[in-house]
Undergrad: 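Let me begin by handing over the structure; questions about it come next.
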Amino acid sequence: MASYTAKDITVLEGLEPVRRRPGMYIGGVGSPGLHHLVWEILDNAVDEAMNGHASHIDVTLHADGASMTIEDDGRGIPVDKHPATRTSALEVIFTTLHAGGKFDGQSYKTAGGLHGVGASVVNALSRELIATVKRDGATWEQRYKQGAPLGDVKKLGAARGTGTRVFFRPDSTIFPKTQFDPAIVRERIEVASYLHKGLKVVFENEGAKGDEPRKEVFEHHEGIADYLKKILVERKARAVHELPFTVTREHEETGLKLDLVLQWTESTDEHLRSYVNGIPTGSGGTHENGLRGGLGKAIRNFIDTHSLSPKGVTLTA
Ligand code: 28F
């Protein structure tokens, strides 16, 4: 037990607890819980992009309004069989609850969790889920019902490229309402596309909720600088300088990346947003407070040198 520490433990268990007490895993079975399923799958695709392996994500809300397909052009979830369990990695990811800290001695950790971890929760709470992987020159597929595989991983035929696609239909025996809200999905995709510079997300609403079918492309090459511009327009805050202040740094020791944009405006109020790996870190946390503390001097200096004292500043980070 010498090298065995609590943080290395990976507990793998079946999905029954998820169906028995869904609220423990997705917060509840109302609208936020239903949309949580989308965020779990979308986050896995975004993680694959953040790790530098994918650049394009397609999100489709199907015409019935109660099923979705999310696809990335990443490496594709491995389909080979684990020698010890004789089960494919794909099946393990979709049918096993990952309660631990490491996976197979290799860490796939991101701030949002372990790579692929939420997929089994989505599967458990779906009446139908189809995982399709393009990898090693072929297309592979496995289908599930309420989290249980309907068969083995099947090789469907030759394929070009790589990637992962997940179709799922939430289970109406779990969720009283299974209709997704296109506006909620759209907003989440839009923010993700600003936070992850260069990521391209195409959102297709096939016509759910009686909407006209439409496709929207979200891609921002200037990342949070573009987000800041949009926020200024929304808040009707007029800029006092054209270009935002930007800080883009990578920490030498840890490789952690910092991305910061600041804009002074004529508005009297201050506005600050912060994220860690795409997840909002609200007021009162160390990320915002640390930034505020360090920025205080910079702000006072800017105000003094530009004689802006009667007016406020808008800070967006
Ligand atoms: C539409 C949702 O879930 N995309 C994902 C990957 C890629 C890898 C991966 C995911 C491997 C063994 C844990 C590929 N090649 N989109 C997604 N793309 N998960 S989820 O790996 C998971 C680990 O078990 C991947 C090499 N390493 C990782």
Side-chain angles (χ1 to χ4, degrees), residues 8-13 35-62 67-126 128-144 147 153 159 161-170 180 185 188-189 192-193 196 199-204 218 277-278:
D8 295 324
I9 298 172
T10 298
V11 181
L12 302 176
E13 49 177 319
H35 289 87
H36 194 95
L37 304 186
V38 184
W39 316 149
E40 288 290 351
I41 302 298
L42 181 62
D43 286 353
N44 289 340
V46 170
D47 281 354
E48 186 67 356
M50 267 176 84
N51 292 336
H53 302 291
S55 63
H56 191 125
I57 299 172
D58 274 309
V59 179
T60 305
L61 174 54
H62 296 298
S67 62
M68 309 246 331
T69 298
I70 303 177
E71 178 168 13
D72 70 54
D73 64 352
R75 295 166 293 178
I77 299 176
V79 290
D80 53 302
K81 286 190 174 155
H82 189 282
T85 59
R86 287 157 58 228
T87 311
S88 77
L90 182 69
E91 180 167 332
V92 172
I93 285 183
F94 278 92
T95 63
T96 327
L97 199 53
H98 299 70
K102 281 191 175 181
F103 197 100
D104 274 7
Q106 263 193 291
S107 186
Y108 292 89
K109 206 167 164 41
T110 70
L114 299 172
H115 205 157
V117 156
S120 64
V121 170
V122 177
N123 197 18
L125 302 176
S126 295
E128 193 188 353
L129 185 144
I130 307 171
T132 312
V133 168
K134 283 194 287 176
R135 202 181 153 96
D136 308 324
T139 302
W140 312 81
E141 182 192 272
Q142 191 170 37
R143 293 173 178 247
Y144 315 83
V153 176
T162 59
T164 302
R165 178 166 74 225
V166 176
F167 164 86
F168 67 100
R169 178 185 304 287
F180 292 112
V185 176
R188 176 84 172 210
I189 289 170
S193 73
H196 308 293
L199 174 67
K200 182 174 178 177
V201 188
V202 179
F203 177 41
E204 180 174 7
F218 297 91
N277 293 345

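In each ligand, atom 1 is the first atom listed, and ligand 1 is the first ligand listed. Every heavy atom of this structure was used, including side-chain atoms; hydrogens, water molecules and symmetry mates were not. Throughout, residue positions are numbered sequentially from 1 according to the sequence presented. Source: prediction; values computed, not measured.
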Undergrad: Looking only at heavy atoms, which two atoms of Leu90 and Ala131 are closest? And how far apart?
TA: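 Minimum heavy-atom separation between Leu90 and Ala131: CD1-CB, 4.2 Å.
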Undergrad: Looking at ligand 1, is there an atom of it that comes within less than 4.0 Å of some heavy atom belonging to Pro78?
TA: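 For ligand 1, residue contact (heavy atoms, under 4.0 Å) with Pro78 is present.
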Undergrad: Taking only non-hydrogen atoms of Gly163, do any sit less than 4.0 angstrom from ligand 1?
TA: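 Checking ligand 1 against Gly163, which is what was asked, there is no heavy-atom contact under 4.0 Å.
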Undergrad: How close do Pro170 and Phe180 get, heavy atom to heavy atom, and via which atoms?
TA: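 Taking Pro170 first and Phe180 second, the nearest heavy atoms are CG-CZ, 3.5 Å.
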Undergrad: Yes or no on side-chain contact (heavy atoms from CB on, under 4.5 Å) for Glu71 and Val202, after CA distance, side-chain angles and deciding distance?
TA: CA-CA 10 Å; Glu71 178 168 13; Val202 179; over 6 Å; no
Undergrad: Do the side chains of Met68 and Val59 get nearer than 4.5 Å, heavy atoms only?
TA: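 Counting from C-beta outward, Val59 and Met68 do come under 4.5 Å.
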Undergrad: Heavy atoms, side chains only, cut-off 4.5 Å: are His82 and Val92 in contact?
TA: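 A side-chain contact is absent here, since even the closest heavy-atom pair is not under 4.5 Å.
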Undergrad: Give yes or no for whether the N/O distance cutoff of 3.5 Å, strictly under, is met between Arg75 and ligand 1.
TA: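 Yes: some nitrogen or oxygen of Arg75 is under 3.5 Å from one in ligand 1.
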Undergrad: Taking all non-hydrogen atoms of both residues into account, name the closest pair between Trp140 and Arg135 and its distance.
TA: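 Taking Trp140 first and Arg135 second, the nearest heavy atoms are NE1-O, 3.0 Å.
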Undergrad: What do you reckon, does Val92 put a non-hydrogen atom under 4.0 Å from ligand 1?
TA: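 Val92 does not count as a contact of ligand 1 under the 4.0 Å cut-off.
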Undergrad: Step through the shown structure and confirm whether more than 12 heavy atoms of other residues, nucleotides or ligands are within 6.0 Å of CZ on Arg143.
TA: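 No, the 6.0 Å shell around CZ holds no more than 12 heavy atoms from other groups.
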Undergrad: Given that the side chain starts at C-beta and the backbone is N, CA, C, O, which of these parts of Met68 lies under 4.0 Å from ligand 1, counting heavy atoms, or is it both or neither?
TA: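 The answer is neither; Met68 stays 4.0 Å or more away.
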Undergrad: Below a 4.0 angstrom heavy-atom separation, can you tell me which part of Ile57, side chain or backbone, both or neither, approaches ligand 1?
TA: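 The answer is neither; Ile57 stays 4.0 Å or more away.
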Undergrad: For ligand 1, which atoms, with element, lie under 4.0 Å from some heavy atom of Arg135?
TA: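 Once the distances to Arg135 are compared, the set is 14 (C), 15 (N).
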Undergrad: Considering only heavy atoms of Ile70, which atoms of ligand 1 have at least one such atom less than 4.0 Å away?
TA: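 Matching atoms, with element in brackets: 1 (C).
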Undergrad: Using a strict 4.0 Å cut-off to heavy atoms of Asn44, name the atoms of ligand 1 that fall inside it.
TA: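 Near Asn44, meaning under 4.0 Å from one of its heavy atoms, ligand 1 has 3 (O), 4 (N), 17 (C).
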Undergrad: Tell me, please: is His53 in heavy-atom contact with ligand 1, that is, under 4.0 Å?
TA: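 It does not, in that no heavy atom of His53 comes within the 4.0 Å cut-off of ligand 1.
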Undergrad: Report the member of Asp58, Leu42, Asp72 with the shortest heavy-atom distance to atom 4 (N) of ligand 1.
TA: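 Closest candidate by heavy-atom distance is Asp72.
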Undergrad: Near Ile41, which atoms of ligand 1 are under 4.0 Å from a heavy atom of that residue?
TA: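 Matching atoms, with element in brackets: 1 (C), 2 (C).
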Undergrad: Taking C-beta and beyond as the side chain, do Gln142 and Phe94 meet within less than 4.5 Å on heavy atoms?
TA: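 No - every pair of side-chain heavy atoms lies 4.5 Å or more apart.
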